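Every chain is numbered from 1, with letters handed out A, B, ... down the list of sequences. What you are looking at is a predicted structure, and each value in this text was computed from that prediction instead of being measured.
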There are 2 protein chains.
Amino acid sequence: MPAPTSPRDPARTLALLWGVATPGARGPQQSRTPAEVARAAVGLADAGTLEALSMRRVAAALGLGTMSLYTYVQNKDDLVDLVVDHAYGELYPQGAVPGDTWPERLREVARANVALVERHPWLLDVDLARPVLGPGETRKYDLELRAVDDVGLGDVEMDATVTLVVSHALAAARRARAARLVAETSGQTDDEWWEANAPVLEAIADMSTYTVAARVGSAAGEAQQAPYSASAELEFGLGRIIAGIEALLAHP
Amino acid sequence: MPAPTSPRDPARTLALLWGVATPGARGPQQSRTPAEVARAAVGLADAGTLEALSMRRVAAALGLGTMSLYTYVQNKDDLVDLVVDHAYGELYPQGAVPGDTWPERLREVARANVALVERHPWLLDVDLARPVLGPGETRKYDLELRAVDDVGLGDVEMDATVTLVVSHALAAARRARAARLVAETSGQTDDEWWEANAPVLEAIADMSTYTVAARVGSAAGEAQQAPYSASAELEFGLGRIIAGIEALLAHP
DNA sequence: GGGTACCACGTACGATGTACGGCGATATGC
DNA sequence: GCATATCGCCGTACATCGTACGTGGTACCC
């Protein structure tokens with residue numbers, strides 16, 4: 001890290017995220033709006049990876065000097081929070097998670113989250129474990145909770161259920177992206193890979209003891225080459241989670 | 001990014017991970033072993049965060065010049081792979097996942113992974129979605145698969161099950177760490193937080209529409225302050241996953 | 001109109017990963 | 001036993017990062 005992240009004032013971050021204008025403005029007005037900042041930053045991240053989201057580049061995209069960006073955000077972390085929350089705002093444009101039954105709605109939650117990170121792959125490089133508490137995440141959280149409201153779960157269980165489904169969807173998307181990336185950068189098929197690494201693999205004596213890993217790994221590898229493999233893994237976990245919740249509702 | 005990660009030769013990475021010596025060595029021998037490199041790097045990462053794992057620092061800890069480290073690893077990514085695989089080697093020192101029944105063993109898999117990332121928190125900052133294919137991860141994968149071998153699942157289902165449990169355990173650990181970090185850096189209780197942010201929160205008009213988020217969020221927040229909250233979230237997901245697999249075994 | 005608070009910006013610092021080239025030791029081929 | 005090709009090691013340099021600091025100009029309040 002170049003310089004340890006400077007401390008943030010949480011209240012200022014909240015005001016930025018929610019667009020609360022500070023009343024007493026003595027000097028000149030800011031020439032850009034926080035929404036413009038967020039849009040420019042999302043555009044940069046979408047075009048490349050999260051690495052493309054540098055303070056210098058975002059400032060340049062806004063037609064500002066580098067340090068001027070610091071009058072909008074306190075930090076780079078602040079900027080990332082702004083961008084993440086902005087992206088979350090795209091979810092559920094209908095204003096609700098569609099679906100007639102709660103299992104359908106949970107599946108839709110997973111599908112929507114996967115679609116979001118496919119549109120914005122850099123989201124997978126951000127630590128989403130910490131809450132942002134902006135309008136986008138709050139709305140997302142609210143709508144996803146409503147998907148499992150009134151089905152017989154307690155409040156804490158509702159939170160845990162939504163968290164479980166979303167984190168499973170993101171993990172599956174992350175693995176799908178990793179597999180895609182390996183296939184792209186290596187640029188070789190599985191056969192070519194085995195051929196290239198055969199001399200090394202043969203020199204590994206212990207390999208013969210990992211029989212289950214070899215058997216299952218090759219089976220999973222072949223399945224992964226089949227179309228819809230990513231959605232198959234997503235579907236397996238989703239099916240188990242939903243069945244597990246049904247079991248909980250049946251025997252509370 | 002300073003310089004776009006230089007390309008890697010996968011075969012060389014494999015040889016490094018498995019400790020395969022290259023036969024034709026004309027010049028002088030390396031003065032350190034790959035295991036020493038891994039130990040030094042793990043020590044640095046354990047002492048701080050993943051940021052502490054810089055090429056300069058690892059080289060210095062080994063008593064080497066910075067660029068000499070590049071005769072051991074091709075890349076920083078290579079170094080990270082080495083370190084991750086080394087850490088994975090600590091898992092299951094008994095040589096098997098303990099437990100009499102497969103649900104017990106799956107719980108043990110989750111517990112062991114959580115314990116591992118508590119000992120090495122920097123693991124949570126590494127993208128573990130892409131496979132490393134070193135001895136540590138191969139052994140881990142093999143032992144975890146054996147925990148659900150011969151219970152009636154197909155090969156692909158075994159893979160998906162283990163992946164689901166591990167990724168859930170890691171996600172829960174990540175959220176636990178994030179909550180701990182927020183509590184530490186803010187240094188204030190929940191009451192103090194609400195008081196500090198009350199003026200901002202009152203200015204947010206839309207907040208009143210997010211009734212479910214407010215209700216569940218505060219309930220989850222209070223539960224989070226209770227001891228064992230992290231393990232409670234872990235346990236909820238584990239229970240749902242296991243129940244879901246039982247349902248699958250009952251109705252295949 | 002004077003004072004003051006705030007936006008914008010240029011410069012500079014420490015940190016990162018790594019490309020490049022030179023030096024010196026060493027194990028092999030004769 | 002010796003020449004030489006090879007490889008470990010390292011110093012320097014470059015682009016890039018986040019951001020601390022200081023300066024100048026601008027718009028509002030009294």
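- In this structure A:Arg111 satisfies the side chain to side chain donor-acceptor pair (under 3.5 Å) test together with A:Glu108, sequence neighbours excluded.
- Comparing D:dA13, C:dA8, D:dT19 by their nearest atom to the side chain of A:Tyr72 picks out C:dA8.
- Ion pair B:Glu184/B:Arg180 not flagged as a salt bridge, since none of the NZ, NE, NH1 or NH2 atoms sits closer than 4.0 Å to an Asp/Glu carboxylate oxygen.
- Using a 4.0 Å cutoff on non-hydrogen atoms, the parts of residues 63-71 of chain B near DNA chain C are B:Thr66, B:Met67, B:Tyr70, ordered by number.
- When all heavy atoms of B:Ala213 and A:Thr138 are compared, the closest pair comes out as CB-O, 4.2 Å.
- For the pair A:Glu137 (side chain) and A:Val132 (backbone), a donor-acceptor distance under 3.5 Å is present.
- Partners of A:Glu118 by side-chain contact (heavy atoms from CB on, under 4.5 Å), not counting sequence neighbours, listed by chain and number: A:Val114.
- Pairs passing the side chain to side chain donor-acceptor pair (under 3.5 Å) check and including a residue from residues 58-70 of chain B, sequence neighbours excluded, do not occur.
- Distances shown here put a side-chain N or O of A:Asn75 below 4.0 Å from the OP1 or OP2 atom of D:dT19.
- Straight-line distance from the CZ atom of B:Arg8 to the C1' atom of C:dG17: 14 Å, rounded to whole Å.
- Here B:Arg174 does not pair with B:Asp125 in a salt bridge; the nearest charged N to carboxylate O distance is not below 4.0 Å.
- One atom, CG of B:Leu62, and another, P of D:dC9, lie 10 Å apart when rounded to the nearest Å.
- Listed by first then second residue, pairs satisfying ring-ring contact (aromatic ring centres under 6.0 Å, His included) with a partner in residues 113-141 of chain B read B:His120-B:Trp122, not counting sequence neighbours.
- Between the CG atom of B:Leu50 and the P atom of C:dT16 there is a distance of 12 Å, given to the nearest Å.
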Give me, pair by pair, the N or O atoms of the protein and of nucleotides 27-30 of chain C that are less than 3.5 Å apart, along with how far apart they are.
residue: C:dA27; atom: O4'; partner: B:Arg26; partner atom: O; Å: 2.9

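- Between B:Asp77 and B:Arg8, no side-chain nitrogen of the basic residue sits less than 4.0 Å from a carboxylate oxygen of the acidic one, so the salt-bridge criterion is not met.
- Under the side chain to side chain donor-acceptor pair (under 3.5 Å) criterion, A:Arg139 pairs with no residue, sequence neighbours left out.
- Residues meeting the side chain to side chain donor-acceptor pair (under 3.5 Å) test with A:Arg175, sequence neighbours left out: A:Glu233.
- As rounded to whole Å, 14 Å separates atom C1' of C:dT26 from atom CD of B:Gln30.
- Taking atom CZ on B:Arg56 and atom P on D:dA13, their separation rounds to 13 Å, with Å as the unit.
- Note on the helix from C:dG1-D:dC30 to C:dC30-D:dG1: terminal axis deviation equals 0°, with five pairs used at each end and the result rounded to 10°.
- The stretch residues 32-47 of chain A has no heavy atom under 4.0 Å from DNA chain D, so no residue of it qualifies as close.
- Annotation: side-chain contact (heavy atoms from CB on, under 4.5 Å) contacts of A:Ala214 (sequence neighbours excluded): none.
- For the side chain to side chain donor-acceptor pair (under 3.5 Å) test, residues two or more places apart in sequence or in another chain that qualify with A:Gln74 are A:Thr13.
- Note: CE (A:Met55) to C1' (C:dA8) measures 14 Å, nearest angstrom.
- Rounded to a whole Å, the CD atom of A:Gln74 is 16 Å from the P atom of D:dG18.
- The existence of a salt bridge linking A:Lys140 and A:Asp85 is excluded, since no basic side-chain nitrogen approaches an acidic carboxylate oxygen closer than 4.0 Å.
- D:dC7 atom P lies 11 Å from atom CZ of B:Arg12, rounded to whole Å.
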